[in-house]
Structures are given as structure tokens and as C-alpha cells.
Amino acid sequence: MLFVKYPELLKELVAELLGLPLGSIETFTIKNPEMPPENLGDKFCRLDINMTVNGQQVDLEVQVSNEGDYPERVMYYWAWEFSSALLTGQGYSALPRTIVISIIDFPLFECGEYHSFFQPLEVTRHTLLSDKMAFHFFELPKLPDDITQENMLLLWLSLFKAETEEELERIKGMEVPVMSQAINAYYTITASSEFREKERLREKARHDEAQALYNARREEKFEIARNMISDGESKVKVTLDKHNNLILEAERERTKLEMELSDLKGLARLTKTKELESRIATKTEEIRTLKAGLSGIVRQHGFATVQDFYTAFYTAQRVTDAYQKECAKWEEIYREKATPKSETIHGKIQRYREKADRQNANQPYRSRDKGAR
């Protein structure tokens, strides 16, 4: 939000990240000033800001945590942006130089330098294959502690690393005009009604977390129930348990992301919010799909709802327990093994479902309105 509302600040930031004199940037355009809500679940919305700088495509990516395979993911982003820039009928020479800039809040490479720059080179002669592929990585944990007023690149990166207003004020106290301007712009945005509404939603997420944890504990009971059934007695029950475990894990991951989002402070709330919100939306859609799949599992076996299946299943389980007690009593009285034909859990479920259907069919029709009177 900060750099979209103040493009001149973004222009100065990009100039420092790319090592360009500010005056050399003749054309500068933000291609995605707003992220459409319907695109929040899309993989490419993690490219925080997409720009055109002097005819080059530049993507600025801010990554909060290392989810693994980050270099491969960045190359995938680059390939998408590079290939999609070629219009129908154009030759390959029309493809623009495409640069991905990653500001990451975790160490990625085994080196002491905070800045790494990659281009495709021949491995022995180090000949450049093409300058149209470029990757910049800025690792925030490797920033030096001592930052001077003259090093504008480090000053900009320290803004992304700052987590408290005290750290922002320390940078502002260095009296570098553009830094003061950026921090004042940040304060203006955080005081706006739009930002306060987002903060209200994050606070709501804190309360929703408690309910999510409650639901997670309730889902854990399925594992206990599964241990009560003999191996192979109910494939449907085992399938439902596995599906519910997937839902449980997905809800835990979403809760973790929501907590991470709600704990963002300082400038990190502006630079890292979009990525976390995107990941939460993706995880919510995954949970919705998994829950919808539960009904499909039981309908394949003749049950209208998941609740109907579990009601029949646990009824059959109680009958099985009663049967085992009767067998034990028979053996105690007659000193011989009980020989009645055993009935499987699946058979009991089927019998009780058919019994319930017959009972429902024999009940006289009653108007719901009449009963309400």
C-alpha cells in the first residue's frame, strides 16, 4: 500500500535495488497498483509489485518465511513474466529484460553477503548467455548493524527489516530526507480509516483462532474412534478419518498463518501483509474443498450426510460391544465358546440404516406448520 500510494518513493527504492542513478529512470510504471480480490488465491500474486522500468519488466517480491524451494519458485515467477510478455506475431527479440528482486527475511545462501545477483553464465568461460534474465536477492538477516547516512541501499533495506516504531524512529533520526518522507508516509497510511479497517479484521482473526483451535481438538477425536474398530471393519470410516486429518492439518496451518499475520509490526505490516493474506486465502479454499469431499465419500455408500454415517457407525459399535459381552457371559455360564454367527460392522451399519428407513416410512406425515402451533 505504501509504495503504490507513493510511487515516487517506490521509484527511489527500485533505483537503489538495481544500482541505477535515479535520473536515469525515464519511464516508470506500476502494472498492478491493486490486486483484484478474485486473484488472491493465484500463485503469481506473491509478486508484490510488478513494474516497467525503462522498458524492463521488474518484479519486487517480499518473502516473509522460507517455505522451501525458493530459488525454483522465483525462477518460475520469472518464466511466467518473461514468456507472457511476448505478444502474438512478435519475434523473440521483442522479449524484454525481466528482473526479479527478492527481499527475503531469512538466510538463503551460504555466504556473508546480504546481496546476491544471478544471471545465466557459461560454467567455465563465464560468458553471459543473455542479460534478459536477472535475479537479485537481498537477505535481511545479513544486514550489518552499523548503517551510515550515505548508504541509501542499506537504509531502504533497514526499513523492511524494522519491526517496531522505535526502529523506524531511529532511522528517521538520521535525518535523511527520503527516509523521513517514507516513514511519514507510513504513519499517514497507518492512521487512515482503510488501514484501521484492515487492523480490525486482523483482530477478528485473533478471536477466530480460538474457535479454530476448538474445532481442531474436536477433530482429533476421530483418531480415538478409529482405534476402537477392528482392522478392516470399515473402509468408509478409515477414509473419513484420513480426510478429517487432512482438514485438521490444513486448519492448523491456516491458524499459524493468521497468527503470523496478526503479529506483523511496523513497516512489515505493509510489505508482508499481501503475501500472508494470499496464503491464508489459498489455505481456506483448500479446507473448503476438503470438507466438500467428506459428503461425497459417504454418499458413495448410501448415506445422505456424514452425520448419518457416524450415527449408524457408532450405533453398530455399541451393538458389537453388547454382543461381545453376551459372548463372555455365555462362556462363563456354559463353560464353552459362544458360537453365534458374528456380524461385521459394515453389516450392522447396513441393517440399522435399513431399519431407520423402514421406521421413517411407517411414520404418518405431520405438517411442520401444524406442529408449530
Side-chain angles (χ1 to χ4, degrees), residues 2-4 6-36 39 42-63 69-105 108-109 111 113-140 142 151-157 159-160 178 271 274-275 278:
L2 171 63
F3 295 113
V4 171
Y6 296 88
E8 288 302 315
L9 290 175
L10 178 61
K11 185 177 178 180
E12 296 208 28
L13 168 64
V14 171
E16 292 296 334
L17 294 174
L18 294 180
L20 300 174
L22 182 61
S24 69
I25 299 180
E26 298 178 356
T27 59
F28 183 87
T29 305
I30 301 175
K31 296 167 61 178
N32 61 337
E34 293 183 3
M35 182 66 64
N39 289 341
D42 188 87
K43 293 180 181 178
F44 305 106
C45 68
R46 291 187 179 182
L47 292 173
D48 286 349
I49 304 178
N50 188 287
M51 298 157 282
T52 300
V53 182
N54 288 351
Q56 305 173 109
Q57 289 193 144
V58 178
D59 289 315
L60 175 59
E61 160 82 6
V62 178
Q63 182 75 19
D69 302 322
Y70 186 71
E72 288 77 12
R73 191 159 73 245
V74 169
M75 287 190 292
Y76 182 76
Y77 294 159
W78 177 91
W80 172 268
E81 294 296 332
F82 184 68
S83 60
S84 62
L86 189 64
L87 303 179
T88 303
Q90 286 186 324
Y92 294 119
S93 61
L95 285 165
R97 188 176 194 229
T98 300
I99 306 169
V100 177
I101 302 173
S102 294
I103 299 177
I104 53 179
D105 202 12
L108 182 61
F109 305 111
C111 66
E113 295 83 5
Y114 65 87
H115 177 214
S116 299
F117 177 57
F118 293 88
Q119 285 188 295
L121 300 175
E122 201 281 330
V123 294
T124 56
R125 300 187 307 275
H126 298 167
T127 303
L128 180 65
L129 176 65
S130 171
D131 69 346
K132 292 189 176 182
M133 172 186 280
F135 301 94
H136 287 271
F137 295 89
F138 295 92
E139 301 172 71
L140 297 180
K142 297 179 180 179
N151 196 326
M152 291 302 301
L153 175 59
L154 286 177
L155 284 173
W156 276 112
L157 292 174
L159 284 182
F160 286 91
V178 69
T271 59
K274 186 181 295 182
E275 179 209 354
S278 170

Name every donor-acceptor pair, under 3.5 Å, that has one atom in a side chain of residues 114-121 and the other anywhere in the protein, sequence neighbours excluded.
| from | atom 1 | to | atom 2 | distance (Å) |
| --- | --- | --- | --- | --- |
| His115 | NE2 | His136 | ND1 | 2.9 |

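- When each of Asp59, Ile101, Ile30 is checked for a side chain to side chain contact (heavy atoms under 4.5 Å, CB included) with Ile49, only Ile30 meets the rule.
- In this structure the side chain of Phe28 never reaches within 4.5 angstrom of the side chain of Asn54, judged on heavy atoms.
- Closest non-hydrogen pair, Pro71 versus Leu108, comes out as CD-CD1, 4.2 Å.
- Side-chain contact check for Thr88 and Gln90: no donor-acceptor pair (N or O, by modelled atom type) lies under 3.5 Å.
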- Query: Going through the distances and angles, do Met51 and Leu60 end up as a side-chain contact (heavy atoms from CB on, under 4.5 Å)?
  - Reply: CA-CA 8 Å; Met51 298 157 282; Leu60 175 59; 3.9 Å; yes

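- Of all the heavy atoms in Glu81 and Thr98, the pair that sits closest is CB-CG2, 4.1 Å.
- To the nearest 0.5 Å, atoms CG (Asp69) and OH (Tyr76) are separated by 14.0 Å.
- Take Ser93 and apply the side chain to side chain contact (heavy atoms under 4.5 Å, CB included) test, not counting sequence neighbours, and it matches no residue.
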- Task: Take Glu122 and Thr124, measure what side-chain hydrogen bond (donor to acceptor under 3.5 Å, both in side chains) needs, and give me the verdict at the end.
- Result: CA-CA 6 Å; Glu122 201 281 330; Thr124 56; 2.8 Å; yes

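- Of the residues listed (Gln57, Gln56, Met133, Lys132), the one engaging Ile99 in a side chain to side chain contact (heavy atoms under 4.5 Å, CB included) is Gln56, and it is the only one.
- Considering NZ of Lys11 and CG of Leu20, their distance stands at 11.0 Å, rounded to 0.5 Å.
- Shortest non-hydrogen contact noted between Gly91 and Leu86 is O-CD1, 3.2 Å.
- Side-chain atoms of Asn50 do not come within 3.5 Å of backbone N or O of Lys31 as any donor-acceptor pair.
- Rounding to the nearest 0.5 Å gives a distance of 5.5 Å between CG of Leu13 and CH2 of Trp156.
- Minimum heavy-atom separation, Phe135 to Phe137: CB-CE1, 3.7 Å.
- Checked by atom type and distance alone, the side chain of Ser84 pairs as donor or acceptor with a backbone atom of Trp80 at under 3.5 Å.
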- Applying side-chain contact (heavy atoms from CB on, under 4.5 Å), run through Ile104 and Phe138 and close with a yes or a no. CA-CA 6 Å; Ile104 53 179; Phe138 295 92; over 6 Å; no

- side-chain contact (heavy atoms from CB on, under 4.5 Å) between Phe160 and Asp105: does it pass, once the steps are laid out? CA-CA 9 Å; Phe160 286 91; Asp105 202 12; over 6 Å; no

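- Nearest heavy atoms, Pro96 versus Gly55: CB-O, 3.7 Å.
- Taking CD from Glu139 and CG from Leu157, the interatomic distance works out to 11.0 Å, rounded to the nearest 0.5 Å.
- Tyr70 approaches Ser102 most closely through the heavy-atom pair OH-OG, 2.8 Å.
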- Task: Could you give me the CA-CA distance, side-chain angles and deciding distance for Val178 and Leu9, then say whether side-chain contact (heavy atoms from CB on, under 4.5 Å) is met?
- Result: CA-CA 8 Å; Val178 69; Leu9 290 175; 4.0 Å; yes

